[in-house]
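All residue numbers refer to positions in the sequence shown, counting from 1. Counting starts at 1 for both ligands and their atoms, following the listed order.
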Amino acid sequence: MPREAETHTDIPFGPEDTPWQKTFSGLRIVGGRPYGTAPSSDPRAAYAGVPEVPHHKVQLPPTGLDAEQYTEAEGLFRRHIDTQTRNFAGYQVTSTLDYEERLGHYLNRHLNNVGDPYQSSSYTLNSKVLERAVLDYFASLWHAKWPHDPEDPESYWGYVLTMGSSEGNLYGLWNARDYLSGKPLRAHHREPDHAAVTQAPCGEGPNAFHPVVFFSEDTHYSLTKAVRALAIDTFHVLGSTRYPGENPLAPGTPWPREVPSTEDGAIDIEKLAVLVRFFAGRGYPILVSLNYGSTFKGAYDDVEAVGRTVRGICAEYGLENRRLHRHGGENGDDDERSGYWLHVDGALGAGYVPYLEMARDAGMVERIPPAFDFRLSDVHSLTMSGHKWMGTPWACGVYMTRTGLQMVPPRSSEYIGAADTTFAGSRNGFSSLLMWDFLARHSYDDQARLAVECDGLAAYAFERLVALQEDLGQDLWVARSPQSLTVRFRQPRADIVRRYSLSSETVHADGATRTYVHLYAMRHLTRQRVDELIGEMRQPGAFPPASSVRITAR
Ligand SMILES: *Cc1c(COP(=O)(O)O)cnc(C)c1O
């Protein structure tokens with residue numbers, strides 16, 4: 001007989017504190033025993049609480065909640081979210097939205113964009129017709145060749161993500177890894193029969209199909225996860241295992257984990273060049289992931305300069321253009337492709353900077369960040385989050401590349417009636433509808449004006465914080481990277497951090513530990529709210545001295 005798990009059937013559960021074993025309706029008692037396991041300890045004590053939403057009010061007993069209990073629980077949650085929405089200032093996400101009136105209808109509809117966006121599917125409850133309109137919109141905005149044409153390698157291909165840019169990064173790096181390791185291109189294998197071609201490519205040297213990835217220390221954590229999931233070697237891993245002691249940035253010292261950044265948070269191109277040269281010189285194909293709007297400092301990598309630098313170095317070592325032959329393959333399997341791949345993580349910046357550029361051209365702002373899009377022939381793939389600049393009630397985004405860079409999907413899927421070219425199986429069809437709705441209601445002019453307002457608000461927040469720092473006579477480490485929508489400063493007291501949802505980052509430099517927070521000037525944030533935050537930080541005790549701890553030994 002299986003050992004009885006230790007359980008406590010009299011633990012108070014649900015809104016009325018009913019002992020667990022009494023929360024079952026008669027019908028659910030099978031053979032005198034409740035279905036399912038009883039809790040092994042009180043879940044209310046097991047989890048971090050949200051003071052505004054007491055856990056027992058939202059616990060889900062097997063009977064469900066009655067109408068009164070439901071109304072109370074949902075009301076508590078609603079008040080909490082509405083309060084937090086009002087003050088939300090710490091993330092690059094637009095938090096006040098207005099989709100409900102027009103799109104509420106679709107909450108009672110199922111929309112699933114499973115499979116390739118350009119192939120209709122037997123799964124007709126989809127919004128691919130809107131998805132393609134959204135993708136064409138961004139293809140034009142990012143200066144790609146459109147519409148998508150499967151026969152034209154220069155035309156764009158893309159899809160709407162079910163996650164945010166984390167999925168775009170994962171998909172981009174997956175595509176890049178297979179491209180650089182010489183796997184077959186989709187363009188050469190349109191027919192399902194050929195999808196099985198797996199002959200290894202033949203190339204120069206032992207490392208010719210062993211990609212190595214580079215990204216800066218200001219890169220989003222999703223990149224670390226992506227390279228682990230995809231088993232792509234970072235220059236740190238390859239350097240430490242194959243070339244210990246040979247770190248070209250500082251011989252004799254350990255390899256850095258990531259490419260160093262400048263103080264502003266942009267990738268240090270000179271140091272990147274030194275690292276890339278080390279590996280290109282040893283025949284490794286080069287994969288670089290760049291930030292366009294880094295998560296914490298909002299910094300823009302100079303994509304054009306990186307592209308020029310990486311291409312130049314690759315050309316010296318025969319990695320600019322490579323002809324791929326396959327063992328035993330027909331000549332038709334040969335192709336020419338680059339020995340490097342540039343992925344741009346434009347989670348916020350790719351959705352925002354094009355409008356700032358329009359505003360610059362109209363004389364509304366002076367300065368904009370460097371270019372990042374498909375005007376640059378070195379850009380291989382690009383991703384953006386829909387919930388950041390545009391604003392959607394949940395994570396979504398866009399991934400885009402050139403059609404000629406697509407790899408053969410793992411296998412064709414007759415079941416869904418469309419090629420399985422995306423990362424997910426079922427894809428969120430509501431997200432395409434939301435983005436379509438937003439873009440239909442906001443012209444370029446509207447968005448250029450919004451971009452100018454947000455840029456101005458970031459400048460305002462920076463000025464006010466600098467003034468606060470002077471008034472308090474205390475260094476609050478206030479900084480804003482060029483054209484960034486975020487301003488960073490010393491972390492204030494915990495209740496202020498929570499009220500404004502300020503995200504934090506701890507930096508170790510020169511033996512000191514500094515914990516920063518930042519605020520993001522998204523379009524729901526107002527000058528009034530910035531003033532309120534600064535007013536709270538002006539009060540005595542707003543900055544506990546512990547937020548700068550000097551440490552002498554590491
Ligand atoms: C937010 C962000 C991501 C991740 O985007 P999600 O939409 O949260 O998946 C990736 N990169 C950068 C630079 C980001 O700021």
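Taking the six-membered ring for Trp and the full ring otherwise, the centers of His518 and Phe296 sit less than 6.0 Å from each other. Between Trp436 and Tyr137, the gap from one ring centroid to the other reaches at least 6.0 Å. Separation of the His110 and Tyr123 ring centroids falls under the 6.0 Å cut-off.
Residue-level proximity to ligand 1 for Ser385 is carried by the side chain, the only part with a heavy atom below 4.0 angstrom. Heavy atoms from both the backbone and the side chain of Ser166 come within less than 4.0 Å of ligand 1. The side chain of Gln92, and not its backbone, has at least one atom closer than 4.0 Å to an atom of ligand 1 (non-hydrogen atoms only; side chain from C-beta on). Counting heavy atoms under 4.0 Å from ligand 1, residue Met163 does not touch it at all.
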Passes side-chain hydrogen bond (donor to acceptor under 3.5 Å, both in side chains), His220 versus Ser222? Steps please. CA-CA 5 Å; His220 189 257; Ser222 59; 2.7 Å; yes
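With Asn169, Leu348, Thr295, Val344 as candidates, the residue nearest to atom 13 (C) of ligand 1 on a non-hydrogen basis is Thr295.
By the 4.0 Å N-to-carboxylate-O rule, Arg367 lies too far from Glu357 to be salt-bridged with it. A salt bridge links Arg102 with Asp437; the closest basic N to acidic carboxylate O contact falls under 4.0 Å.
Residue-ligand proximity: Asp345 is placed with a non-hydrogen atom under 4.0 Å from ligand 1. A heavy-atom separation below 4.0 Å is found between Gly293 and ligand 1. Heavy atoms of Lys388 approach ligand 1 to within less than 4.0 angstrom.
Ligand 1 has an N or O atom lying under 3.5 Å from an N or O atom of Ser165, backbone or side chain.
Heavy-atom contacts of Ala347 reach the following atoms of ligand 1: 2 (C), 3 (C), 10 (C), 11 (N), 12 (C), 14 (C), 15 (O) (cutoff under 4.0 Å).
Using bins of under 30°, 30° to 60° and over 60° for the plane-to-plane angle, the ring pair Tyr179/His380 lands in the perpendicular bin. The aromatic rings of His442 and Phe438 lie parallel to each other, with less than 30° between the two planes, well short of the 60° mark.
From the protein, the heavy atom lying nearest to atom 4 (C) of ligand 1 is His220 CE1, 3.2 Å.
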